[in-house]
Amino acid sequence: MKIVTYAGGEFLTGDEIVVALFEYGAALAEVGTAGSVEIPIRTAAGHSVMATFLVGPASQIVAIDAGTSDDELIDGDVVDVLRRLTRRLRPVASSADEGVPSAEEYD
């Protein structure tokens, strides 16, 4: 579990969720835009609730190990959404690009 510090507050969430959130935030920063996402957090009472985060170029998010033995907060659907949003911002070359000469070949 990780404690995420964001906008002056602290939020407890799962490790994999934090990684996906950070990757999405970095991808948004690379293209100079922002986006809002919902991730699950655990309240002080131990309940899981959804929290909305605005992430982008100016985001200042810190995550530290919570040092707790509580069950890991896992939400595969949220991680999948974050990864899909990240892929949209960071498209990769497809196999259709194979065989296309690179810029160095024109020198």
Side-chain angles (χ1 to χ4, degrees):
M1 295 282 282
K2 298 280 190 236
I3 297 172
V4 176
T5 303
Y6 176 83
E10 290 186 344
F11 307 91
L12 187 63
T13 194
D15 294 348
E16 191 175 17
I17 296 165
V18 169
V19 169
L21 177 65
F22 277 37
E23 289 173 352
Y24 181 52
L28 286 166
E30 289 169 6
V31 297
T33 192
S36 62
V37 293
E38 285 191 338
I39 66 167
I41 62 168
R42 185 153 302 142
T43 67
H47 302 289
S48 293
V49 298
M50 298 301 283
T52 303
F53 288 77
L54 177 63
V55 293
S59 294
Q60 296 180 355
I61 304 172
V62 176
I64 60 171
D65 188 47
T68 179
S69 60
D70 292 345
D71 290 337
E72 181 72 15
L73 184 57
I74 298 171
D75 192 323
D77 291 339
V78 167
V79 171
D80 289 344
V81 166
L82 289 168
R83 288 184 176 153
R84 187 171 46 253
L85 291 168
T86 301
R87 281 192 303 273
R88 286 184 190 161
L89 295 168
R90 292 179 172 160
V92 295
S94 68
S95 59
D97 293 337
E98 291 179 11
V100 175
S102 68
E104 292 85 21
E105 294 180 59
Y106 286 109
D107 289 338

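Note that the structure is predicted; figures quoted are calculated from it, not measured.
The two residues Ala34 and Leu28 come nearest to each other via the heavy atoms C-CD2, 4.0 Å. The heavy-atom pair separating Val18 from Ala63 by the smallest distance is CG1-CB, 3.6 Å. Scanning both residues, Leu73 and Pro40, for their nearest heavy atoms gives CD2-O, 3.4 Å. Considering every non-hydrogen atom in both Val37 and Tyr24, the closest pair reads CG1-CE2, 3.3 Å. Between Pro57 and Ala29, the closest heavy-atom pair is CA-CB, 3.8 Å. For the residue pair Leu82 and Ile17, the shortest heavy atom distance occurs at CD1-O, 4.1 Å.
In this structure, Asp15 contributes its side chain and Met1 its backbone to a donor-acceptor pair below 3.5 Å. With hydrogens and angles disregarded, no donor-acceptor distance shorter than 3.5 Å links the side chain of Ser59 to the backbone of Ile61. Side chain of Thr13 to backbone of Ile41: no donor-acceptor contact under 3.5 angstrom is found.
With values rounded to the nearest 0.5 angstrom, Arg87 atom CZ is found 8.5 Å from Arg83 atom CZ. Taken to the nearest 0.5 Å, the CD atom of Glu23 stands 12.0 Å off from the CG atom of Leu89. Between atom CD of residue Glu72 and atom CZ of residue Arg42 there is a gap of 8.0 Å, rounded to the nearest 0.5 Å. In this structure, the separation between OG on Ser48 and CD1 on Ile39 is 11.5 Å, given to the nearest 0.5 Å.
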> Run the side chain to side chain contact (heavy atoms under 4.5 Å, CB included) check on Leu54 and Tyr6 step by step: do they pass?
Replying inline: CA-CA 10 Å; Leu54 177 63; Tyr6 176 83; 3.6 Å; yes
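Cluster annotation: Phe53 and Val19 are assigned to distinct hydrophobic clusters (Ile/Leu/Val/Met/Phe/Trp/Tyr, side-chain heavy-atom contacts under 4.5 Å, transitive). Grouping the Ile, Leu, Val, Met, Phe, Trp and Tyr side chains by contacts below 4.5 angstrom, directly or via other members, places Ile74 apart from Leu21. In the hydrophobic clustering of this structure, Val81 groups with Phe11; members are Ile, Leu, Val, Met, Phe, Trp, Tyr whose side-chain heavy atoms approach within less than 4.5 Å, directly or through other members.
Around CG of Asp70, the count of heavy atoms belonging to other residues, nucleotides or ligands within 6.0 Å exceeds 12.
Considering only heavy atoms from C-beta on, Lys2 comes within 4.5 Å of Asp65 through its side chain.
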